[in-house]
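Take a look at the structure below.
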Amino acid sequence: MAEIVSRSVKPNMMITIHGHEVALFFSREPNTQVALQVKQALLGTYLAAGK
């Protein structure tokens, strides 16, 4: 599914998902709104796939 391209202590990470490169950027401060949006998007995608 997801392949980690590089591991580092930098606040960002590049991964490849289904052949598409995706950049992830992290902050030092937790943001509960973004976490909730990501959770909802992942659950919505999972449910839409019918698994």
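As a basis for the values below, the full set of heavy atoms in this structure was taken, side chains included, without hydrogen atoms, waters or symmetry mates. Remember, it's a predicted structure, so these values are computed and weren't measured experimentally.
Separating the CD atom in Gln33 from the CG atom in Leu36 is a distance of 6.5 Å, to the nearest 0.5 Å. Atom-to-atom distance recorded for Thr32:OG1 and Lys39:NZ is 11.5 Å, nearest 0.5 angstrom.
Side-chain contact between Leu24 and Ile15: present, with at least one pair of heavy atoms (C-beta onward) separated by less than 4.5 Å.
For Ala23, the side-chain contact (heavy atoms from CB on, under 4.5 Å) criterion is met by Met14, Phe25, not counting sequence neighbours.
Applying the 4.5 Å side-chain rule to ILVMFWY residues, one finds Val34, Val38 in the same cluster as Leu42.
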